[in-house]
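Each remark here refers to the structure printed beneath this line.
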Amino acid sequence: MVRTKLLCTLSGGPYNRRVPDNAEPIDASTRYCAVYGHPISHSASPAMQNAALVHLGLNWRYLAFDVDPSHLREAIIGAARMKFIGLNLTVPHKLLAQEIVDVLDQSAKTWGAVNTIRFEGRTADGQWVSLGALENCDSQEIRSHGFNTDAEAITRSLVEDLSIRLPGARVLLLGAGGAGRVAALKLASEQISELYLINRTRSKAEALAAEISKRFPQVKTTVGYPTDKADLLLNATSLGLNANDDLPFDPNRYHLSSARAVYDMVYRPAETALLKTARQAGCRTANGAGMLLYQGARALEIWTGHAAPIEIMRRALLNHIYGD
Ligand code: ATR
């Protein structure tokens with residue numbers, strides 16, 4: 001036990017000094033938000049969110065916790081009890097949280113995943129109000145309200161970073177895991193015309209194709225590569241995170257000259273092998289930093305009720321991930 005404690009201390013957490021320079025000192029009125037994940041040590045969300053909180057003049061802090069999935073329920077209840085303003089959830093918590101939160105927003109119901117929780121207190125007149133908006137949060141009744149801000153962030157980033165026009169687009173999506181599923185459903189809802197799905201485990205691509213065909217029958221969905229030019233190739237697999245990863249598609253069966261634009265949800269490194277190959281093939285390219293930015297900006301708006309300072313958040317995020 002003592003040994004574990006010593007290792008934790010030496011591993012760097014308590015010595016993290018990247019607090020924004022002009023943050024108000026922590027005192028008894030400081031309020032908290034956090035991201036839970038497993039693992040969590042590479043999360044860029046604290047840097048992005050704390051910069052925004054300072055800019056908004058809020059005496060709040062945004063923390064990051066490694067929470068084992070078997071403890072997710074306790075960790076959410078604990079945050080509510082401590083009157084946290086809200087939480088973000090990342091891998092592997094987004095599906096499980098649907099069963100844990102007290103109320104699901106339509107966004108979480110539609111996309112089948114929760115990445116943002118807002119804690120709400122009940123006022124004297126029976127209204128549920130964000131704890132971030134309550135002057136004194138002595139409400140005994142607090143509920144957790146689950147949202148999904150990932151889906152909107154995907155399309156916002158595609159439109160803003162790649163200038164893609166989604167209605168009528170032909171899309172090749174690589175990956176049918178959690179991120180791939182939300183991307184496929186959101187793209188289908190944006191009235192793309194054709195969706196091609198590739199996944200290492202083919203049965204998952206087939207199950208996703210069946211779900212899309214049922215919910216969005218107007219979208220022509222195929223498991224396999226397109227034969228004609230695609231407007232967008234979107235990588236939603238984790239391939240690219242490591243320098244020696246293979247490309248996320250089979251180069252014997254597909255060539256990037258057949259894609260107009262390529263988006264890689266992986267954002268570290270800034271230019272993955274996929275993006276480099278795509279740039280060399282003449283495609284427009286963007287990485288997933290925009291997605292991370294926009295899901296976080298929307299979460300902040302859900303907690304504060306105010307517009308997020310996008311450029312402040314973007315700068316803090318890029319600075320944290322890539323350095324100056
Ligand atoms: P996330 O929530 O980030 O999407 P996930 O649900 O675990 O995480 O999905 C990871 C995706 O990357 C899946 O599409 C996975 O393919 P499988 O469904 O076959 O597991 C894909 N992936 C991970 N490692 C891979 C590898 N070495 N080769 C090909 N695809 C891989």
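Whatever order the structure lists ligands and atoms in, that order sets their numbers, starting from 1.
- Arg279 pairs by the salt bridge (charged side-chain N to carboxylate O under 4.0 Å, His left out) definition with Glu271, not counting sequence neighbours.
- Protein residues with any heavy atom under 4.0 Å from ligand 1: Gly175, Ala176, Gly177, Gly178, Ala179, Asn199, Arg200, Thr201, Lys204, Thr237, Ser238, Leu239.
- Both Leu234 and Leu162 are part of a single hydrophobic cluster, where members link through side-chain heavy atoms under 4.5 Å apart.
- Under the 30°/60° scheme for interplanar angles, the aromatic rings of Tyr254 and Phe249 are found to stand perpendicular.
- With sequence neighbours left out, Lys204 forms a salt bridge (charged side-chain N to carboxylate O under 4.0 Å, His left out) with no residue at all.
- Nearest heavy-atom pair across Trp303 and Ser130 is O-OG, 3.2 Å.
- Applying the salt bridge (charged side-chain N to carboxylate O under 4.0 Å, His left out) criterion to Arg284, with sequence neighbours excluded, gives no partner residue.
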